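When reading the values below, keep in mind they use all heavy atoms of this one structure, side chains included, and skip hydrogens, waters and symmetry mates. Owing to the predicted nature of the structure, the values given are computational and were not obtained by experimental measurement.
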Amino acid sequence: MLDVVPWYKGLPELERNVVRSELRTVALAAGEYLFRTGSRSPGWYGVVEGLVKWSSPGTDGRTLSLAGFSTGSWFGEATMIRRERFEYEVVALRPSRIVILPRDTCERLWNNNIEFTKALMTHLAQRVNWLMGCYTGNVLLDVDTTVARAVAAQLDAELHSGTNGRLKISQEEIASLCGVSRQRCNTAMTRLARAGVLQTHYGGLTVLDRQALYQHAKLSGKSEADHGPA
């Protein structure tokens, strides 16, 4: 996973070796939490493989689904920088492997490597943009648009993984990410398939028309990945 991360490739070879040696790996079973609200942040998280959901629990027992993080995604940077406790939780939707770049390592890098600092700032900017989009979606958008945005987010996350638009994500997982019923998600996916946007198949789906997907998601023509990592 690190070999396709721009800031990592820009490090001197010695620093790359040190970063690899300091990484921690966590294996999660489906339904297992990476962390819950109130936990302290040990560093920056990256998804080696699998799919995890980022959500915020409410006092009434309900949860608000915020995003899904799939292979190649990095998250948790804001809480790490602020040295605060997590105000949200992350749970695995399928068996997943996560790496943790310790905070001390991150601090050394952002103090000494401009490419890492730029990557971290880009992540923060994209996270703010994503949260604004989530708020808009929860308040104004219909389910079809919300489902299209969830698919677009997964496509963007795996843009540099050589998948060529083929995503290993089930409709049940998409429904979970959107916080809607599986039946309602299936209806939205069927409409997208009939419009020629994507094709569903066993084990996932394939995006056939990237620009049409962004149009259905009411996003700009450029993907999130065109603006930097999400």
Subject >> Partner set under salt bridge (Lys or Arg N to Asp or Glu O under 4.0 Å) for E84, not counting sequence neighbours >> reply: none
Original post:
If every non-hydrogen atom of A217 is compared with every non-hydrogen atom of T145, which pair is closest and at what distance?
Top reply: O-CG2, 3.5 Å
Original post:
Are the side chain of T190 and the backbone N or O of N186 linked by a donor-acceptor pair below 3.5 Å?
Top reply: yes
Subject >> pair I169-L51: side-chain heavy atoms closer than 4.5 Å >> reply: yes
Subject >> Under 3.5 Å side-chain donor-acceptor pair for W44 and E77 >> reply: yes
Subject >> Nearest heavy atoms of A92 and A29, plus distance in Å >> reply: CB-O, 3.5 Å
Subject >> Rounded distance [0.5 Å steps], CG in N17 versus CG in L11 >> reply: 10.5 Å
Original post:
Going through the distances and angles, do D142 and R184 end up as a salt bridge (Lys or Arg N to Asp or Glu O under 4.0 Å)?
Top reply: CA-CA 11 Å; D142 56 30; R184 187 63 188 85; over 6 Å; no
Subject >> CG on L213 to CG on L208, rounded to 0.5 Å >> reply: 10.0 Å
Original post:
For residues R20 and Y8, is any side-chain donor paired with an opposing acceptor at under 3.5 Å?
Top reply: yes
**OP:** Please name the pair of heavy atoms, one in A150 and one in I174, separated by the smallest distance, quoted to 0.1 Å.
**Re:** CB-CG2, 4.2 Å
Subject >> Within 6.0 angstrom of R194 CZ, more than 12 heavy atoms from elsewhere >> reply: no
Subject >> Least distance between heavy atoms, Q154 atom then G68 atom >> reply: NE2-O, 3.3 Å
Original post:
So do the side chains of D144 and H216 get within less than 4.5 Å of each other, counting heavy atoms only?
Top reply: no
Original post:
Hey, do the aromatic rings of W110 and F116 have their centres closer than 6.0 Å?
Top reply: no
Original post:
side chain to side chain contact (heavy atoms under 4.5 Å, CB included) with V151: which of L177, V207, V197?
Top reply: V207
Original post:
Considering residues, nucleotides and ligands other than E32, do more than 12 of their heavy atoms fall under 6.0 Å from its CD?
Top reply: yes
Subject >> CG on L198 to CG on L167, rounded to 0.5 Å >> reply: 9.0 Å
Original post:
Atom CD of E173 and atom OG of S70: how far apart are they, to the nearest 0.5 Å?
Top reply: 10.0 Å
Original post:
Heavy atoms, side chains only, cut-off 4.5 Å: are I100 and V26 in contact?
Top reply: yes
**OP:** State, with a plain yes or no, whether a side-chain heavy atom of L101 is found less than 4.5 Å away from one of V19.
**Re:** yes
**OP:** Of all the heavy-atom pairs spanning C106 and M80, show the shortest one and how long it is.
**Re:** SG-SD, 3.6 Å
Original post:
Looking at side-chain heavy atoms only, is the closest gap between V18 and T105 below 4.5 Å?
Top reply: no
**OP:** With sequence neighbours excluded, give me every ring pair (Phe, Tyr, Trp, His ring centres under 6.0 Å) pair touching residues 80-108.
**Re:** F35-F86, F35-Y88, W54-Y88, F86-Y88
Original post:
Taking the side chain as C-beta and beyond, is there a heavy-atom pair between T79 and R85 under 4.5 Å?
Top reply: no
Original post:
Taking side chain as C-beta onward, heavy atoms only, is L34 less than 4.5 Å from F69?
Top reply: no
Original post:
Atom NZ in K168, atom CZ in R94: separation rounded to 0.5 Å?
Top reply: 8.5 Å
Original post:
Is there a donor-acceptor pair closer than 3.5 Å between any side-chain N or O of T122 and the backbone N or O of L120?
Top reply: no
Original post:
Which pair of heavy atoms, one from D209 and one from G196, lies closest together, and at what distance?
Top reply: CB-O, 3.9 Å
Subject >> Qualifying salt bridge (Lys or Arg N to Asp or Glu O under 4.0 Å) pairs, either residue in residues 97-110, two or more places apart >> reply: E15-R108, E22-R108, E49-R97, R83-E107, R103-E107
Original post:
Which distance, rounded to the nearest 0.5 Å, do you find between the OG of S176 and the CZ of R182?
Top reply: 11.5 Å
Subject >> Y33 vs L28 side-chain heavy atoms within contact, under 4.5 Å >> reply: no
